[in-house]
Amino acid sequence: MTASPWTDDRIDRLKTLWREGRTAEAISLDLGSGISRNAVLGKVHRLGLSAGGHGATPVIKTPVSKRSTRSAPKPTAEPPCPAPVEHPGFDVPAEGLTTILSVRRLECRWPYGEPEDHDFRLCGRRVERGAFCGAHAGIGYRPPPGGPQALMALAGLA
DNA sequence: CCCTGATTCGC
DNA sequence: GCGAATCAGG
């Protein structure tokens, strides 16, 4: 008997689903036979799928480079969020994005490019607030100038 | 506090 | 090699 639940079929399924961007829990539920979320994660890491490919949570370790004692980083520090448009081929990751049709729950719907464009993609990162990831929610849910009263006026509740 | 993946630890 | 526990990030 194969003491190891990871048969070739399971591993193949694991690779496919993980590559598809499914969460570890989703994969564990899909396999469903004594395979828990941690088991999936452990196997994934052992296979080396988590490294080299894409990850929902890319743990980028900052090598804590020691800057000079005197340094003025950036007074006008823009948020590390890619602009929705205006920068073609600059900050738009060619991979890792999802489409309007393949976007699933908990995936950021921040638009890249124009909706009418065939190259239209969505952020695809795990949503943090509402329909966007934490970074994009900060932009998308920014209250317009004028305060809540302006919104009420727009809603016809004024 | 919830979720996620990544890593560590014991078997 | 296996999974649970634990860690860390968002």
Side-chain angles (χ1 to χ4, degrees), chain A residues 1-68 71-87 89-113 115 119-145 148 151:
Chain A
M1 319 255 213
T2 52
S4 173
W6 290 109
T7 79
D8 182 47
D9 181 69
R10 296 277 168 76
I11 295 175
D12 182 70
R13 192 65 170 285
L14 172 66
K15 289 179 180 177
T16 305
L17 292 173
W18 184 263
R19 197 178 181 209
E20 207 175 289
R22 301 298 291 266
T23 63
E25 189 170 62
I27 298 172
S28 65
L29 290 171
D30 193 79
L31 297 172
S33 298
I35 305 298
S36 72
R37 166 180 169 275
N38 285 341
V40 172
L41 280 169
K43 187 62 179 177
V44 163
H45 209 254
R46 230 176 293 128
L47 289 170
L49 292 173
S50 56
H54 66 70
T57 36
V59 184
I60 304 175
K61 289 177 164 268
T62 352
V64 272
S65 303
K66 295 207 165 173
R67 286 280 161 190
S68 308
S71 61
K74 274 183 68 90
T76 54
E78 288 285 318
C81 305
V85 284
E86 297 184 313
H87 292 102
F90 173 64
D91 46 9
V92 178
E95 300 178 22
L97 297 179
T98 184
T99 67
I100 190 74
L101 293 178
S102 64
V103 67
R104 289 180 301 271
R105 283 183 55 170
L106 304 181
E107 287 188 333
C108 182
R109 272 117 170 135
W110 190 264
Y112 280 96
D119 195 40
F120 181 62
R121 294 286 187 278
L122 298 177
C123 176
R125 286 155 61 190
R126 200 173 72 84
V127 298
E128 186 69 21
R129 273 294 176 267
F132 304 116
C133 65
H136 286 144
I139 307 175
Y141 294 139
R142 238 185 223 275
L151 281 175

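Here is the naming used below: chain letters follow the sequence lines, and residue numbers restart at 1 for every chain. Small disclaimer: the values here were computed from a predicted structure and weren't measured.
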Using whole Å, what does the distance between atom [atom2] of nucleotide [N] and atom [atom1] of [X] come to?
X       : N     : atom1 : atom2 : result
A/Leu41 : C/dA4 : CG    : C1'   : 11 Å
A/Glu25 : B/dC2 : CD    : P     : 14 Å
A/Arg22 : B/dT4 : CZ    : P     : 12 Å

Closest listed nucleotide, where the reference is the side chain of [X] and the choices are [options]:
X       : options             : result
A/Trp18 : B/dT4, C/dG3, B/dG5 : B/dG5
A/Ser36 : C/dA4, B/dA6, C/dG3 : C/dA4
A/Asn38 : B/dA6, C/dC2, B/dG5 : B/dA6

For A/Leu29, what residues pass the side-chain contact (heavy atoms from CB on, under 4.5 Å) criterion, not counting sequence neighbours?
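Expected list: A/Glu25.
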Residue whose nearest DNA chain C nucleotide is more 5′ - A/Arg37 or A/Trp6:
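Closest to the 5' end, via its nearest nucleotide, is A/Trp6.
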Please determine whether a side-chain nitrogen or oxygen atom of A/Lys43 lies at a distance below 4.0 Å from atom OP1 or OP2 of C/dG3.
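False: A/Lys43 side-chain N/O out of range (4.0 Å or more) of C/dG3 OP1/OP2.
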Taking the side chain as every heavy atom from C-beta outward, state whether A/Leu47 and A/Leu14 have any pair of such atoms under 4.5 Å apart.
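Yes, their side chains come closer than 4.5 Å.
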For A/Trp6 against A/Ile11, the heavy-atom pair lying closest together
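Looking at all heavy atoms of both residues, the shortest contact is O-CD1, 3.8 Å.
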Hey, are A/Arg22 and A/Asp30 close enough for a salt bridge, meaning a charged N less than 4.0 Å from a carboxylate O?
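Result for this pair is no, no salt bridge flagged.
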